Amino acid sequence: MPRSTVIVFDFDGVICDSEPLHDSALAHAVRGAGWHYDPGEGDTHRFVGLGDRAAFQILAREAGVDLTPERLDELIDRKAERFSELAATNPPEPFEGVLALASALAREVPVGLCTASRLIEVGPILQRFGLMQILGTVVTREDVRETKPDPEPYALAVERLGGDPSMSLAIEDSPTGVASALAAGMRVIGIGSSRTREDLAQASAFVERIGMLDPARVLELARGVAIDPV
């Protein structure tokens, strides 16, 4: 069977503004370890696109703590549990236009999702948004050895969807996500929900809000036809 165009969405910062929940859950786990992290101090987007493992390793170095693999896994589990609690009591809303965009694209080509978050974190939110019914695959941190910016997550998503990377496209909001998709051979639309145009300069195209995207132009860009997807 010939491979074809597929579209793969990132989750955090693309489907919804879940970054505040991640920050709060990260701070909760860190406090339990006796360290300090206040997401209200400085750059609240410092860990966007890095994944939990890298975030905890950075915070451990800043705290002067020797973080064992076992302790790291405990912190990741604690953070995931807290995220799920927060998402259940104060669930995020989808970005304007994203559900209509995903549904329209899914009527034309296979659509998937690729995230550095864990399924326990994103699964209930995707179910609440009604996206599980239209997504051909959901690649999470548990599915890969290496996360973004490594190409493995996007390469796996495209493979599962039966896509041709050179005719496929990712929708991303972080430099690590853009790097991952490009390394997998895809084109990328950068979304300015958490980073600037300059931060996402390597993306094939850029828009400030995902609701600005037109499905037909997204497909054209994926296939190398369009330059500006808006």
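Computed from heavy atoms alone, side chains included, the values below leave out hydrogens, waters and symmetry copies. As the structure is a prediction and not an experimental result, all values here were calculated from the model.
- Judged purely by atom type and a 3.5 angstrom limit, S193 uses its side chain to pair as donor or acceptor with the backbone of G13.
- For the pair D143 (side chain) and T140 (backbone), a donor-acceptor distance under 3.5 Å is present.
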- Message: Using the rule given for side-chain contact (heavy atoms from CB on, under 4.5 Å), can you reason through F56 versus V30, listing the C-alpha separation, both sets of side-chain angles and the distance that settles it, and then say yes or no?
- Response: CA-CA 8 Å; F56 280 118; V30 165; 4.0 Å; yes
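- Looking at every heavy atom in both residues, R187 comes nearest to S166 through NH1-O, 2.8 Å.
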- Item | Check against side-chain contact (heavy atoms from CB on, under 4.5 Å), R209 and V98 | CA-CA 9 Å; R209 301 182 307 279; V98 69; over 6 Å; no
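- In terms of hydrophobic clustering, with Ile, Leu, Val, Met, Phe, Trp and Tyr side chains grouped at heavy-atom distances under 4.5 Å, F11 and I120 are assigned to different clusters.
- Under a 3.5 Å cut-off, the side chain of E142 and the backbone N or O of L119 do form a donor-acceptor pair.
- At distances below 3.5 Å, not a single donor-acceptor pair connects side-chain atoms of S18 with backbone N or O atoms of L21.
- The shortest heavy-atom contact between F129 and E93 is CZ-C, 3.8 Å.
- Looking at R78, its side chain never comes within 3.5 Å of a backbone N or O of H28 through a donor-acceptor pair.
- Note on I134: it clusters hydrophobically with V14, by side-chain heavy-atom contacts below 4.5 Å among ILVMFWY residues.
- Only one option out of K79, R118, R141 pairs with D52 in a salt bridge (charged side-chain N to carboxylate O under 4.0 Å, His left out); it is K79.
- Put simply, CD on E108 and CG on L219 are 6.5 Å apart, with the number rounded to the nearest 0.5 Å.
- Here the closest heavy-atom approach between residue L86 and residue A25 is recorded as CD1-N, 4.0 Å.
- In this structure, the side chain of S180 does not engage the main chain of T176 through any donor-acceptor pair within 3.5 Å.
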- Start with the C-alpha gap between M186 and V158, add the side-chain angles, then the distance that decides, and say whether side-chain contact (heavy atoms from CB on, under 4.5 Å) holds. CA-CA 9 Å; M186 305 170 72; V158 173; 3.6 Å; yes
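- Shortest non-hydrogen contact noted between A184 and A155 is CB-N, 3.8 Å.
- D10 and S174 form no side-chain donor-acceptor contact under 3.5 Å, judged by distance and modelled atom types alone.
- Of the options R195, Q202, R197, a side chain to side chain contact (heavy atoms under 4.5 Å, CB included) to D199 is made by R195 and by none of the others.
- Taking each heavy atom of P175 and L200 in turn, the nearest pair found is N-CD2, 3.5 Å.
- One hydrophobic cluster, built from ILVMFWY side chains closer than 4.5 Å, cannot hold both V144 and F9; they sit in different ones.
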- Query: Step by step, would you call T137 with R160 a side-chain hydrogen bond (donor to acceptor under 3.5 Å, both in side chains)?
  - Reply: CA-CA 7 Å; T137 190; R160 285 181 174 179; 3.2 Å; yes
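- Of the options D164, L161, L105, V111, a side chain to side chain contact (heavy atoms under 4.5 Å, CB included) to V6 is made by L161 and by none of the others.
- For the atom pair CG of D77 and CZ of R82, the computed distance is 16.0 Å after rounding to the nearest 0.5 Å.
- One finds the CD1 atom of I210 at 10.5 Å from the SG atom of C16 (value rounded to the nearest 0.5 Å).
- Distance CD1/I15 to CD1/I191: 10.0 Å, rounded to 0.5 Å.
- Tracing side-chain contacts under 4.5 Å through hydrophobic residues (I, L, V, M, F, W, Y), one reaches F95 starting from V138; they form part of the same cluster.
- A side-chain donor-acceptor contact under 3.5 Å links S204 to the backbone of V188.
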- List the steps and the verdict of side-chain hydrogen bond (donor to acceptor under 3.5 Å, both in side chains) for T5 and R223. CA-CA 7 Å; T5 295; R223 294 162 177 156; 3.3 Å; yes
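- Listed for the E152 side chain is a donor-acceptor partner under 3.5 Å among the backbone atoms of E146.
- Hydrophobic clustering of Ile, Leu, Val, Met, Phe, Trp and Tyr side chains at less than 4.5 Å, counting indirect connections, keeps L113 apart from L156.
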